[in-house]
Novice: 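One structure follows; several queries about it will come next.
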Amino acid sequence: MKIEFKDQPLSKLSVDAEVVFVIGKNENHHFVTDTKELKKMGFLDGESDVCFAQSSDKLYVKCESLDADEIRCAAAKAVNYFRGKKFATLKIASYLDGGCEGRMIKALCEGFLLGSYSYEEYKSKKNPCQIKSITISSETYDEKIKKADEAAMQKALVDAKAVCDAVCLARDIVNSCPDEMIPSNVAREAKKIAMENSLDCVIHDEKYLKEQKMGAFLAVSRASAHPPRLIHLTYKPKNPKAKIILIGKGLTYDSGGLSLKPADYMVTMKSDKSGASAVLAIMSALPKLGLDIEVHGIAGVCENMIGGNAYKPDDVLVAKNGKTIEVRNTDAEGRLVLADCFCYAQDYAKEQGWQPDAIMDFATLTGACVVALGEYTSGIMGHNKQLKDDVLHAAERAGELAAELPFNKYLKKLLKSEVADISNVSSARYGGAITAALFLSEFITDENRERWVHMDIAGPAYVEKAWGYNPHGASGAGVRTAIKWLAGFSQKQCSPACAPSESKPKKKK
Ligand code: BES
Ligand code: ZN
Ligand code: ZN
């Protein structure tokens, strides 16, 4: 789907249909030209959020307010209305709120591009979105707001496309079934991403993991028929303003291992590679956005299975940094894979003679995070308040839901082990998302302690009942937040007009 901006009034654009957002039930707006028809259909008071007026070829979509996220949701409803219908081209006005114009146009694009996504690889009969192009007119919804600067709009469109392509790439990888997207094939995807985007790509195999004594990662992978991979992508522009490391949990399947998951809980566990997929996807967007920061994307990819050689509760594992871990539950495997990836990443930077400015990891780490925050919100954890706030702020601006889960010394004590340096699970029932992150923090060196932030995406990564502009399946959680956050380190911001100080353009009504 192509989205373009034209510095022309709506009337000058000739397309198959026009999309009109009815903001806050404002049927008196001059865009609403089919008031009689809408009244007859009971549109504004009825259940349906969309109403197509045949006489004018206008699709009316309810939109609560001129808020970026409402715009995303309305745009998604609009494109999905046309699914299976013979409309190929659409037009829409600029819905600006007087604040950052690039932000609103990006939100509109995100609604169209992310909302129209569908994964139909395994369907014999496909029903893809047929819309080929959408033209955004410079004509504004609020006439008092003067039309947007064309250059800023074009830049916002390019950025939005790069971000949405990345989100959809993450979705594609996660949605692939677990028998197809085995670790070697995730590595194949990484190589492809690297080739297409001029990134450096190193794939480490099982032999390397053994040489590096990554005993925790190896144990998780051991019962799988498919050997693990450690993926390392690098984006290295000249004179980088910062050096950042991203790390992703990539369980291509999490059966729970010998601490086997109940049948109902195992379904959707192909999504346990969402963190790694997000990292690969984020890396794919960086060259397109031209951020002047060096970014290392590291993904620990393997499968948690059962078998005669499976790792067991009671085993003691030795991680790359020499720390011993008592396994009390093989379903708490993500933290074991990440522990070794954390060691790998920090050792790598040290060997290369630099210290990362920040380390961020992405993981579908705990069911407890979903219990704590619900299915729509990611958990943000770490030792550095400013860093957590930066990520939360980035999430808000990017349109993803995230909330902090705070550490405390009492929860930390629950990871004590009688037989090893640390236990892989907490001894108490509650606070599982935080204790999981506290476990991870044990594999961050003292010098990097304040530079690390963790994002538990277990809730939003996989959508079982479509919401907002997220259809069923993978959502690409974390990608938009991370890109927004990374842009903060770059001098070349994604959208200069969206600098943090201007990011809250909400108007009081
Ligand atoms: N991959 C799961 C976490 C998960 C749960 C992701 C639901 C997405 C949706 C993780 O490996 C896991 O199983 N964690 C256990 C930890 C427990 C054994 C301490 C959990 O959350 O139950
Ligand atoms: Zn698990
Ligand atoms: Zn898992």
Side-chain angles (χ1 to χ4, degrees), residues 113-114 116-123 128 161-197 199 201-204 221 224 226-233 235 246-254 267-288 295-304 334 337-338 341 360-365 378 400 455 457-464 470-483:
L113 294 169
L114 302 180
S116 61
Y117 174 93
S118 56
Y119 190 78
E120 301 190 305
E121 193 64 29
Y122 309 123
K123 293 250 190 205
K161 173 94 170 62
V163 171
C164 292
D165 281 351
V167 172
C168 292
L169 174 62
R171 288 176 175 182
D172 282 347
I173 299 173
V174 175
N175 282 328
S176 302
C177 69
D179 209 31
E180 150 64 13
M181 204 46 82
I182 55 176
S184 57
N185 286 340
V186 178
R188 180 196 64 200
E189 294 301 311
K191 279 184 219 155
K192 192 164 157 241
I193 290 168
M195 281 271 285
E196 288 169 358
N197 299 286
L199 303 170
C201 175
V202 178
I203 309 288
H204 295 297
S221 169
S224 169
H226 311 293
R229 294 287 188 274
L230 194 161
I231 299 168
H232 185 159
L233 294 179
Y235 169 64
L246 309 177
I247 304 174
K249 168 181 173 182
L251 266 290
T252 59
Y253 204 70
D254 180 12
V267 182
T268 74
M269 277 304 134
K270 66 173 181 183
S271 68
D272 218 19
K273 56 185 178 311
S274 298
S277 306
V279 168
L280 301 186
I282 295 159
M283 295 303 293
S284 77
L286 301 177
K288 296 174 198 161
V295 184
H296 293 259
I298 289 158
V301 190
C302 67
E303 203 183 40
N304 187 21
V337 172
L338 287 175
C341 290
M360 182 167 181
D361 80 84
F362 305 82
T364 45
L365 203 63
S378 293
E400 288 196 83
M455 185 169 189
I457 54 173
Y462 200 80
V463 175
E464 292 195 76
N470 294 303
H472 177 275
S475 70
V479 174
R480 287 185 292 144
T481 296
I483 292 175

Novice: Is any side-chain heavy atom of Glu196 less than 4.5 Å from a side-chain heavy atom of Ser284?
Specialist: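 In short, these two side chains do not touch, never coming nearer than 4.5 Å.
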Novice: Side chains of Tyr253 and Asp179: any donor to acceptor distance under 3.5 Å?
Specialist: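 Not at all, the side chains of Asp179 and Tyr253 share no donor-acceptor pair under 3.5 Å.
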Novice: Any non-hydrogen side-chain atom of Pro471 less than 4.5 Å from a side-chain atom of Val463?
Specialist: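 Of all side-chain heavy-atom pairs linking Val463 with Pro471, none is under 4.5 Å.
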Novice: Considering only heavy atoms from C-beta outward, does the side chain of Glu121 approach that of Asn175 to under 4.5 Å?
Specialist: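 Counting from C-beta outward, Glu121 and Asn175 never come under 4.5 Å.
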Novice: Answer yes or no: is there a donor N or O on one side and an acceptor on the other, between the side chain of Arg171 and the main chain of Asn470, under 3.5 Å?
Specialist: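 Looks like no, no N/O pair under 3.5 Å.
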Novice: By salt bridge (Lys or Arg N to Asp or Glu O under 4.0 Å), which residues pair with Glu180, not counting sequence neighbours?
Specialist: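 So Glu180 forms a salt bridge (Lys or Arg N to Asp or Glu O under 4.0 Å) with Arg188.
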Novice: Mind listing the closest non-hydrogen atom pair of Leu338 and Ala363 along with its distance?
Specialist: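 Answer, listing the atom of Leu338 first, then Ala363: CD1-CB, 3.8 Å.
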Novice: Check whether any side-chain heavy atom of His226 lies under 4.5 Å from a side-chain heavy atom of Ser184, and answer yes or no.
Specialist: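 They are not in contact (no side-chain heavy atoms under 4.5 Å apart), so the answer is no.
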Novice: So, using salt bridge (Lys or Arg N to Asp or Glu O under 4.0 Å) as the criterion, who are the partners of Asp165 when residues are at least two apart?
Specialist: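 Checked Asp165 against salt bridge (Lys or Arg N to Asp or Glu O under 4.0 Å); matches are Lys161.
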Novice: Looking only at heavy atoms, what is the nearest atom pair of Gly334 and Leu251, with distance?
Specialist: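 Where Gly334 meets Leu251 most closely, the heavy atoms are CA-CD2, 4.5 Å.
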Novice: First locate atom NE2 of His204, then atom CZ of Arg229, and finally report the distance between them rounded to the nearest 0.5 Å.
Specialist: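 Going from the NE2 atom of His204 to the CZ atom of Arg229 covers 12.0 Å.
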Novice: Tell me the closest heavy-atom pair linking Leu199 and Pro287, and the distance in Å.
Specialist: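 It is CD2-CG, 3.9 Å.
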Novice: For Asn304, which of Asp272, Thr252, Asp254 qualifies under side chain to side chain donor-acceptor pair (under 3.5 Å)?
Specialist: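 Of all the options given, the one that passes is Asp254.
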Novice: Heavy atoms, side chains only, cut-off 4.5 Å: are Leu113 and Val167 in contact?
Specialist: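 Heavy-atom side-chain distance check fails, nothing below 4.5 Å.
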Novice: Using a strict 4.0 Å threshold on nitrogen-to-oxygen distance, state whether Lys249 and Asp361 make a salt bridge.
Specialist: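 Salt bridge between Lys249 and Asp361, a charged N being under 4.0 Å from a carboxylate O: no.
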Novice: Do the rings of Tyr119 and Tyr117 sit parallel, tilted or perpendicular, given the 30° and 60° boundaries?
Specialist: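 Rings of Tyr119 and Tyr117: parallel, as their planes differ by under 30°.
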Novice: Quick one: does any side-chain atom of Ser475 pair with a main-chain N or O of Pro460 as donor and acceptor, under 3.5 Å?
Specialist: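 Yes; judged by distance alone, with no hydrogens or angles, the pair exists.
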Novice: Who are the ring pair (Phe, Tyr, Trp, His ring centres under 6.0 Å) partners of His232, not counting sequence neighbours?
Specialist: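 For His232, the residues satisfying ring pair (Phe, Tyr, Trp, His ring centres under 6.0 Å) (neighbours in sequence not counted) are His296, Tyr344, Tyr348.
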Novice: Grab the two heavy atoms, one from Pro128 and one from Ser118, that are nearest each other, plus how far apart they are.
Specialist: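 It is CA-OG, 4.4 Å.
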Novice: What's the shortest heavy-atom distance between Gly300 and Val337, and which atoms?
Specialist: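 Looking at all heavy atoms of both residues, the closest pair is O-CG1, 3.8 Å.
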Novice: Just verifying a value: how many Å separate Ile182 CD1 and Asn185 CG, rounded to the nearest 0.5 Å?
Specialist: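 Interatomic distance, Ile182 CD1 to Asn185 CG, rounded to 0.5 Å: 4.5 Å.
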Novice: Could you check whether any side-chain heavy atom of Leu233 comes within less than 4.5 Å of a side-chain heavy atom of Leu280, counting everything from C-beta outward?
Specialist: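 A side-chain contact under 4.5 Å exists here.
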Novice: Would you give the length of the straight line joining atom CD1 of Ile282 to atom CZ of Phe362, rounded to the nearest 0.5 angstrom?
Specialist: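 One finds 4.0 Å between CD1 of Ile282 and CZ of Phe362.
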Novice: Calculate, to the nearest 0.5 Å, the distance between atoms CD1 and CD1 belonging to Ile173 and Ile193 respectively.
Specialist: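 The CD1 atom of Ile173 sits 4.5 Å away from the CD1 atom of Ile193.
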Novice: Looking at CG of Leu230 and OG of Ser221, how far apart are the two atoms once the value is rounded to the nearest 0.5 Å?
Specialist: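 Leu230 atom CG to Ser221 atom OG measures 11.5 Å (nearest 0.5 Å).
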Novice: Does the pair Met455 and Met360 meet the rule for a side chain to side chain contact (heavy atoms under 4.5 Å, CB included), with working shown?
Specialist: CA-CA 7 Å; Met455 185 169 189; Met360 182 167 181; 3.7 Å; yes
Novice: Answer yes or no: is there a side-chain heavy-atom contact under 4.5 Å between Val301 and Lys273?
Specialist: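 No, too far: nothing below the 4.5 Å cut-off.
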Novice: Is the closest side-chain heavy-atom distance between Ile231 and Val279 below 4.5 Å?
Specialist: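 When only atoms from C-beta onward are counted, Val279 and Ile231 do not touch, as no gap falls below 4.5 Å.
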Novice: Using modelled atom types only, decide if a donor and an acceptor are shared between the side chain of Glu400 and the backbone of Gly478 within a distance under 3.5 Å.
Specialist: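 Yes.
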Novice: Quick one: closest heavy-atom pair of Lys288 and Ala162, and the distance?
Specialist: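 Smallest interatomic distance, heavy atoms only, reads CB-CB, 3.9 Å.
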